[in-house]
Each structure stands twice: as C-alpha cells, then as structure tokens.
2 protein chains.
Amino acid sequence: MNQKTQIRDPELTRARILEAAEALFVEQGFSAVKLSELARSAEVTKSLIHHHFGSKEQLWEAVKNRAFERYFTAQMAMLEEAGEPDAALLRRSVEAYFHFLRDNPGVVRLFAWTHLEGDSHCGELDNQLVGAGAEWVRQAQMRGLLRKDINPTHVIAVFVMTCTQWFEAKCHHQNWPGMGSDEAFLEDFLKIFMEGVVPRE
Amino acid sequence: MNQKTQIRDPELTRARILEAAEALFVEQGFSAVKLSELARSAEVTKSLIHHHFGSKEQLWEAVKNRAFERYFTAQMAMLEEAGEPDAALLRRSVEAYFHFLRDNPGVVRLFAWTHLEGDSHCGELDNQLVGAGAEWVRQAQMRGLLRKDINPTHVIAVFVMTCTQWFEAKCHHQNWPGMGSDEAFLEDFLKIFMEGVVPRE
DNA sequence: CGGCTAATTGACCGGCCGGCCAGTCAGGGT
DNA sequence: ACCCTGACTGGCCGGCCGGTCAATTAGCCG
C-alpha cells in the first residue's frame, strides 16, 4: 500500500544520477565521493548507478564530459555571435568569459579537479575555441588594431587564465587587503589588458 | 642477524614521513592518499605515522603548513632584497615570481588542492606580502611611475593569478595551437602587463 | 648501572568502500 | 496474450581503509 507506484524512466534516472554526481564531484572531487552517499543523494540504489554507468570512474568521466560539453557549446555560441574585429569586441569577449565563469562555478571547479589529475582532455576541447580566438587576434593585428609583437595565442591565454584563476582561487585572495569585488577587479584587469594589447600611437 | 641495527632518530623519522607525505599529497590530494601507501613510501610503519602526527588530517595540515612556510619565507626574502621602486623592479618581481613557481611545482599543486578545499589559510599568509606589494605600487603611482587609476592590490593580483594559473593548468593549455614555452609566454605577458600599468605620456 | 621516557613494532579492529549477483518486475514489440 | 529485454532491488562480499593497543626496545639522564 505504501509502496510507491513503480514507474520506470531510465533517462530520468540517468539524469538524476548525473545531476547528483556532478554536485558531489564538483564539491569534493573524485576520490572523496562515496557511492553510498551519491546513491542517497540521487535517491537511487547503489546498484543502479553501476547498472547505468559501470563504475565510479566511468561515471566521473560521464560527468566531466557532460559539463565540458556544456562549456564548449556555450563558448562556441558566444564566439559565433561575435561581430567585426575591433578593440571593443576583445573587451566584450573578456567580459563575457568572466561572467560565464562567475555564473558557472561548477565548471570552474571541475576544471580545477581535472587539472590536478593531469587530464588534458578538457584542454583539447578548447583547441577550436582558442584557435578561432587567436585567428581573430591575428587579423586585428594585421589591421593595426592590436600590437603586432605578441603571439596571438598568448593574448587569449592571458585573459583566460586571469579570469579562471580569479574564480578558482577565490578563497585564497578574497581577503587580501584592498581587494575589490568581481566587477571592480574585472574593470581594473581590463584597464591593464586593453592598454597592454593596443598599439602605441 | 639480518635485522638492521636499530637506530632511533625521531626527527629524521618525522622528516621522512613529511617528505614522503608531501610527495604523495602533492600528487594525489588528501583523500586519494592511503596511509598504507605512505608508510611503504616513507619506509616506516603506519603506527609510526599516527604516533608522530596523530591522524591523517593532522599530517595533511602539517605538510601544508611546512610547504606554505617555505613559500612565505622565500617570497619575503625576495621582497626584502627589492630596491628602489621603478618599472624595472615590477618587471623583475613578476619574473622572480614566475620562476619561483616554475621551480616549485609542488607548492603550486598544494595551493590548488587547498583552493578546492576552500581553505583560506594559505591566502592569509599572503596578506603581508600582498600588502607590502600593493604599498609599493601605491608609491610608484604617486611618483608617476605607474598609472594612478588602478587599485594597487589588483595590480599584484593580476600578475600573481596569471603566473599561478599558467602552472596550475599547464596540462590544459600546453597543447593549445600556437602556445609557446614558459619563457615565451612570460615575455608576452610582460609586454601586455608592463604596457598596461605604466602611464600614457 | 638502573630506570624512565618515548620511539617503534606488528597484530588487530570495526567499518565501510566499490562492486557483484541472483532475482524481480515493468513495459514495449509482436 | 505472451515474452523478452533491461531497469531496478537488496543482500552480500572481499578487501582495505584509518586507527588502536599492548608489548618491545633504544636512548638518555641521574
């Protein structure tokens, strides 16, 4: 009587497991997560997790793939709606990237865990994005909109890494004396960055 | 007869454990390290670890404290031998920091693990360093050596975070198309950074 | 030399980890 | 209506995790 009407929906079940797993992995990393805890959190049995994903490690891979896929498509969408190369576009790209990371803290942590594992897979996803971005920078350099004496890939790398570290290491520097808010920091970073990449007249 | 001559040297034992523990924690993080593995690696019994450090977590704290102490004193030494404020000194500080991280990859990883734990202790150690650095920037701003419209703490933060992320996420971006070597990247970053912080004439 | 302190050992423990398996059962194809 | 696939369950397992303890012994101090 009290037994819930058994309704089977494997896709929903998979989704529930992935959702709960992502939350736990983001928070604790791979090895600190216990399948029993995950099962409780996703409201499924431990066996069901194995049924759908095989092993803890395969689940970890699935979680990462799903999240990085989301990251990648979001970035691609941003890139495609970019307009003509000019300095303002570079500024807007940095702002967009910064705000994307701010609004997706889970991805940032997942990246961090993955970096510590030495997994280069997430970097490979970026190859297209970075390649396109660097190409854009190269064109801007040729048109005289950006200074020519800097490797275009490094231009992309500098702002990507600054934004990433700002959120990855928040707990480290948020109490530094004089440190400002997200927006204040972004503003100051852009002052340095934009001034540093445009040519001196 | 085969028994090794029992020589007791508790300080050496502690040091051996700390050494081995640091290597393992740096590599795998807290929860993935097994005390049995550590014991084997340090060539001591598991009980001896508990005798000297109490628990796995206390050992983890001891390892972090020791490493961060090393980091802090090294940075302090660098800071104290700094000379008169001018733009060249800022450049040299960035280079020194970058090369310190390159030569101490363990500290970088330890920081990363600690960030993911949300531990703000390592950031507190930096307060003095950052405070002194920011003060130096402020003075340079007043003398007209650096532009005045940027929060001094943010100047420090930008180069610290870029250098840190370069090494933390090496596996992520090392295969990006067009990405250069450590030195090439540092050179390009300095071009952007130095040009971004000096005043326009 | 005797005795105390603490370093060191190895046997041992309860708990729980990830994973497996036999079996049940819902739902769609025919 | 039947059946078969695979979603799902509960119980179980071997192993090993971090941690404890009693016993042994090296080193030091008086």
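The chains referred to below are lettered A, B, ... by the order of the sequence lines, with proteins before strands, and numbering in each begins at 1. This one's a predicted model, so the numbers in the text were calculated from it and none came from an experiment.
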Choose from [options] the nucleotide whose nearest atom is closest to any side-chain atom of [X].
X     : options                : answer
B:K46 : D:dC21, D:dG18, C:dG19 : D:dG18
A:L48 : C:dA7, D:dA7, C:dG10   : D:dA7
A:P10 : D:dC8, C:dG19, C:dT8   : D:dC8
B:H51 : C:dG19, C:dT8, D:dC8   : C:dT8
A:S36 : D:dA26, C:dC17, C:dC25 : C:dC17

Whole angstrom value for the distance that separates [atom2] of [N] from [atom1] of [X]:
X     : N      : atom1 : atom2 : answer
A:H52 : D:dA7  : NE2   : P     : 6 Å
A:K34 : C:dG15 : NZ    : C1'   : 11 Å
A:H50 : D:dG11 : NE2   : C1'   : 15 Å
A:E11 : D:dG6  : CD    : C1'   : 14 Å
A:F53 : D:dC8  : CZ    : P     : 11 Å
A:I49 : D:dT9  : CD1   : P     : 11 Å
A:Q58 : C:dG19 : CD    : C1'   : 12 Å
B:I7  : C:dT9  : CD1   : P     : 13 Å

May I ask you to check whether [Y] and [X] place their ring centres under 6.0 Å from each other?
X      : Y      : result
A:W113 : A:F30  : no
B:F111 : A:H172 : yes
A:F167 : A:F98  : yes

Quiz item: What nucleic acid atoms does B:L35 come within less than 4.0 Å of, heavy atoms only: base, sugar-phosphate, or nothing?
Solution: sugar-phosphate

Quiz prompt | Short N-O contact, A:R102 and A:E183, less than 4.0 angstrom | solution = yes

Quiz item: Would you call the rings of A:W166 and A:F185 parallel, tilted or perpendicular, where under 30° means parallel and over 60° means perpendicular?
Solution: parallel

Exercise. Specify the residue among B:V44 and A:S55 whose closest nucleotide of DNA chain C lies further upstream toward the 5′ end.
Key: B:V44

Quiz item: Do A:S47 side-chain and C:dC20 base share a donor-acceptor contact under 3.5 Å?
Solution: yes

